[in-house]
Every structure is written in structure tokens, then in C-alpha cells.
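The block underneath contains the structure these notes are about, expressed in C-alpha cells.
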Amino acid sequence: MSNAYLDALKQRRTQYSLGRNLSISKEELTSLIQDAIKHSPSSFNSQSSRAVILFGAESEKLWNIAIEEVRKVAPAESFAQTEAKLKSFAAGVGTVLFYEDQGVVQGLQEKFALYADNFPVWSEQAGGMAQLSVWSTLASAGVGASLQHYNPLIDASVAREWNVPAYWKLRAQMPFGSNENGFGEKAFMDDAERFRVVG
């Protein structure tokens, strides 16, 4: 049985070899990213996910910030390898910074006190769905990407650089660009270990 959504999920793969050889425009990429987040589900329709979309020199600036912040904490003997990885993210077309709006979370906690403990969890789930939606959407458009987590190490510097509201919590970074390498085979664990079908 063919399923377009599953086909999109299967196309979504981690791409570390990014380039700038895309025929799709910045405006089209922006629209794809915005629509993917806009149409991702969230508990109570909270729409708590936020994004800062960086292109070109602004994306490079992000990864330079990450290099300097990681340099402060990484062992000197292994930093060269880490720096090369961070520079590979800057080689792409742009980066999506994924945030969750804590003001929305706190507002829902106050409005629905019975579920207060759950709203931070549901916010994380909404953020994860937004990230997957963007990643799959980009993959379907032939755009490579990966999901990175240099938060909270870079949070303060990034917030200062792009005037990000204090109540937005950085959850992930997604560098994207052209696929400059193919993908290896993906291994899957046995279905019997992962799933139970009852009834």
C-alpha cells in the first residue's frame, strides 16, 4: 500500500554534508518551514512552537557562536573534530532555530490548573512534531537537514544576537542545504521487540 506521508517520512534522513546548490528560493524555503510548523499539532491547540529562520551569513554567524561556546567547554585535544562538524553545518543554506514559548505554557498552566504538570511535557511533544514536520517537508523538497542540540550552551549568545524573547526556550537547531552526499542504509530493530498488536 502506498502512502504519501510515509514516503515523506522515509525520505527524511540525517544529512551532514550540506551545500548551497539548491534551486528552491529563500522565499519558498521560508514558506515551507512556516507552513510545516503552522500545521503541526499541539495540545489544546496551544501553537507554542516558534522558529527563527537564519539564511546565509546569519546562519554562518550562528555556527561561529556555537564554535566559540563549545570551545570553552570541549577538551582541547578533541576540539578540531568538533569544530569541523560545526563548520559543516555552516556550509548549508540556512538554519532553523526551534523554540517553545514558555509564556504560552505558563498561561495554559494557570488556565487549566488540573493539567499544569503536563503542559511542559505537551509543549516538548509539540516542538518535536514541529521539528519532524519541517524535516520531512524539507526532505520532500529535496533539501538536506539534520537536527542538532547545542542548547542550552548557546542560548544566551543566540538570544542576544537575534533579540529572541526571554520566554522563548531554545530546543533544537536544524541546519539545511543541498544534499552533497548520499545516505547509507538505515538499520531497524526487529518489529517484535518494538511493537505489540492486541486484538
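Computed over heavy atoms, backbone and side chain alike; hydrogens, waters and symmetry mates excluded.
Taking 4.5 Å as the limit, some side-chain heavy atom of Trp162 sits within range of a side-chain heavy atom of Leu54.
The backbone N or O of Ala76 sits nowhere less than 3.5 Å from a side-chain atom of Arg71 that would complete a donor-acceptor pair. At distances below 3.5 Å, at least one donor-acceptor pair connects side-chain atoms of Gln131 with backbone N or O atoms of Gly127. Put simply, the side chain of Ser40 gets close to the backbone of Ala36: a donor and an acceptor are under 3.5 Å apart. Remark: side-chain polar atoms of Thr137 are paired, donor with acceptor, to backbone N or O of Ser133 under 3.5 angstrom. The main-chain N or O of Leu132 is found under 3.5 Å from a side-chain atom of Ser136 such that the two form a donor-acceptor pair. Between the side chain of Arg20 and the backbone N or O of Gly92 there is at least one donor-acceptor pair closer than 3.5 Å. In this structure a side-chain-to-backbone donor-acceptor pair under 3.5 Å is present from Gln109 to Ala116. When atom types are taken as modelled, the side chain of Glu100 and the backbone of Arg171 share no donor-acceptor pair closer than 3.5 angstrom.
Taking the six-membered ring where tryptophan is involved, the planes of Phe119 and Phe44 are perpendicular, since the angle between them exceeds 60° and thus also 30°. Tyr150 and Trp63 have perpendicular rings, their planes meeting at more than 60° on a 0 to 90° scale where under 30° would count as parallel.
Listed by chain and residue number, Asp101 satisfy the salt bridge (charged side-chain N to carboxylate O under 4.0 Å, His left out) test with Arg50 (two or more places apart in sequence, or in another chain). Partners of Tyr16 according to the ring-ring contact (aromatic ring centres under 6.0 Å, His included) rule, which considers only residues two or more places apart in sequence or in another chain, do not exist here.
A donor atom on one side chain and an acceptor atom on the other are found under 3.5 Å apart for Ser25 and Glu28. In the model, Gln173 has a side-chain atom that pairs as donor or acceptor with a side-chain atom of Asn151 under 3.5 Å.
The pair Glu83-Lys87 counts as a salt bridge, with a side-chain nitrogen and a carboxylate oxygen less than 4.0 angstrom apart.
Note: Leu32 CG to Ile37 CD1 = 11.5 Å, rounded to the nearest 0.5 Å.
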Trace of the side chain to side chain contact (heavy atoms under 4.5 Å, CB included) decision for Ile67 with Asn64: CA-CA 5 Å; Ile67 287 169; Asn64 286 332; 4.1 Å; yes
Where do Phe188 and Lys186 land on the side chain to side chain contact (heavy atoms under 4.5 Å, CB included) test, with the steps shown first? CA-CA 7 Å; Phe188 294 94; Lys186 187 173 182 179; 3.8 Å; yes
